[in-house]
Number of protein chains: 2
Amino acid sequence: MAPMSEPAFERLDPGQAAGAPLYRLAKQALLAAIESGRCPPGRALPNETALAAALGISIGTLRHAVDELVAERILLRRQGRGTFVATHTTDRFVFQFFHVERSDGRREAPQVELLSFERGRLDEEAADALGLRAGEPVILVENRLALQGRPVVYDRLTLPAALFRGLTEKRLRERPSTIYHLYQTGFGITVVRAHERVRAVGADRTAARILGVVPGTPVLQVRRTALALNDKPVEYRVSTLWTAQHDYVSTLSPAT
Amino acid sequence: MAPMSEPAFERLDPGQAAGAPLYRLAKQALLAAIESGRCPPGRALPNETALAAALGISIGTLRHAVDELVAERILLRRQGRGTFVATHTTDRFVFQFFHVERSDGRREAPQVELLSFERGRLDEEAADALGLRAGEPVILVENRLALQGRPVVYDRLTLPAALFRGLTEKRLRERPSTIYHLYQTGFGITVVRAHERVRAVGADRTAARILGVVPGTPVLQVRRTALALNDKPVEYRVSTLWTAQHDYVSTLSPAT
DNA sequence: CCCAATTTGTTCGTATGTATA
DNA sequence: TTATACATACGAACAAATTGG
């Protein structure tokens, strides 16, 4: 008889990947459970003893796997409560991807304003970043972010339509939290990492108008490729930052 | 009788810091040994069983401590060889602090040219970053970095003279490796982390001349505060980047 | 080329402490 | 208070990489 619903975790088969340590198999199993939706973001994992038993491994080996996922901020452990799949609503997660700070060092959540939402075709630059072919259908989103009531960031997002099937301007506009939280809850896409390339340019007419500066004003241009759990690119974003009163901050930490 | 030379590691005293886990005490002991020079960079630590015995802790607890230091790139483990104190000569370490890349994504080691070396007084901006009082004696260094034969970066370094006693232009000019390697080998200062604040500005006359661009050209200005093992700031650096053919790259990784 | 010694890597198991509900 | 869950600490055995003879 087939089980009523498939269990979230099954006994690991060490023969799967020859030579791979058990704890890495466990890590992959956890990632697969999250990615497939069997363990959605916010959900608590089974407790360590139960999970280790289900996977057929020792508790120490399981902890090794979980340790790595916690370091990557994919899981979150809280003593006495449990181990949870991280969500993009926690402050730490939000600021992992928002690197703009007031010059005095204070952090502030931006007010986001949707400027445009339309469908189009992938251009060469974004195709290269996303690892797709130019011409594929995409969704193009423009946002303006204000800090202390003043426009500071102008974002242009390129999203592969295939990954965001069903995304509408209404859903985007009415999202209760961050845009990455919407990716996560609405489309099963968890952004866990991003690469950014930064350069200084003179503001073009469009950016100047949107940011309320004179064309040619030096501004930061940040080109971001955001990666999901499976390390596949899911978003390409070009941000233009007015850095007269704010900075782009970065910590040169060992993880780099 | 006093021992001929003090041993690098002594038995931990759990009473030291009440409530602190043993593995954190072990970590502090390791850091202290590195900082004091009893375990200089490049040196192998005693093997795990010996070290655990010397510290009076189990091997698992020692590994927990070493795990964290490895994650912070302060130690480096190699199976079959040993555990080593990291040096600023390894490629990974070098590029942890050099974030300039060609636009095509290729990395290249820069050619460094010393432009000036002089002594002076700490100004307000650097004093704030270094956590010192303005007016303290400092060493001011100017460097120009070229990539593919073209000037790309103009660095102005501020170093507290008290930390770099005995630093001369000659020593700086004749260093065999990176400047952080010189800090480490010459002054016992290991830079392990840095904060950077980036903004776009128009090149001033000085920067324009040094980088060979027209004044007013949009350039990146990066203000870095470098921290040593003890988390104390040891260098303040303002870099000006010409980003027409290169980018400032950043990975939004979980450690941030 | 192989062997032996050394060192870290992986896996197992157990006991006890601490935070949370 | 009690039960639950993660955190810390201990110990042991074997695997895998490295080195030198």
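- Under the 6.0 Å distance and 45° angle rule, A:R73 does not count as a cation-pi partner of A:F93.
- Relative orientation of the B:H88 and B:F97 rings is tilted, given thresholds of 30° and 60° on the angle between their planes.
- Side-chain nitrogen and oxygen atoms of B:T61 include at least one within less than 4.0 Å of the OP1 or OP2 phosphate oxygen of D:dC10.
- The existence of a salt bridge linking B:E72 and B:R193 is excluded, since no basic side-chain nitrogen approaches an acidic carboxylate oxygen closer than 4.0 Å.
- Listed nucleotides D:dA9, D:dC6, D:dA17 differ in distance to A:R77; the shortest reach to its side chain belongs to D:dC6.
- Closest to the side chain of A:E48, out of D:dT18, D:dC10, D:dC6, is D:dC6.
- Using the six-membered ring where Trp is involved, A:H99 and A:Y248 have ring planes that are tilted, between 30° and 60° apart.
- As rounded to whole Å, 7 Å separates atom C1' of D:dA5 from atom CG of A:N47.
- Here the P atom of nucleotide D:dT8 and the CD1 atom of B:I59 are 19 Å apart, to the nearest Å.
- The residue A:I57 sits close only to the backbone: its heavy atoms come under 4.0 Å of sugar-phosphate atoms, none of a base.
- From B:R43, atom CZ reaches atom CZ of B:R38 across 11.0 Å, with rounding to the nearest 0.5 Å.
- Atom pair B:F84:CZ and D:dT18:P shows a separation of 11 Å (rounding to whole Å applied).
- B:R78 comes within 4.0 angstrom of sugar-phosphate atoms only, judged by non-hydrogen atoms across all strands, and of no base.
- When only modelled atom types and interatomic distance are considered, A:T89 and A:T87 share a side-chain donor-acceptor pair under 3.5 Å.
- Distance, A:H64 NE2 to D:dT8 P: 15 Å, rounded to whole Å.
- Think of the region where chain A sits on DNA chain C: with heavy atoms and a 4.0 Å cut, that region ends 5' and 3' at C:dT10 to C:dA21.
- Here CZ of B:R197 is found 15.0 Å from CZ of B:R224. Values are rounded to the nearest 0.5 Å.
- Using a 4.0 Å heavy-atom distance criterion, B:G60 is classed as making no nucleic acid contact.
- Put simply, CG on A:L62 is 13 Å from C1' on D:dA5, counting in whole angstrom units.
- Listed pair B:R81 / D:dT19 meets the phosphate criterion, a side-chain N or O lying under 4.0 Å from OP1 or OP2.
- Judged by atom type and distance alone, A:Q79 does not reach the base of D:dA7 through any side-chain donor-acceptor pair under 3.5 Å.
- In this structure, the OH atom of A:Y23 is 13 Å from the C1' atom of D:dA16, given to the nearest Å.
- One finds no side-chain N or O of A:T49 lying less than 4.0 angstrom from the OP1 or OP2 phosphate oxygen of D:dA5.
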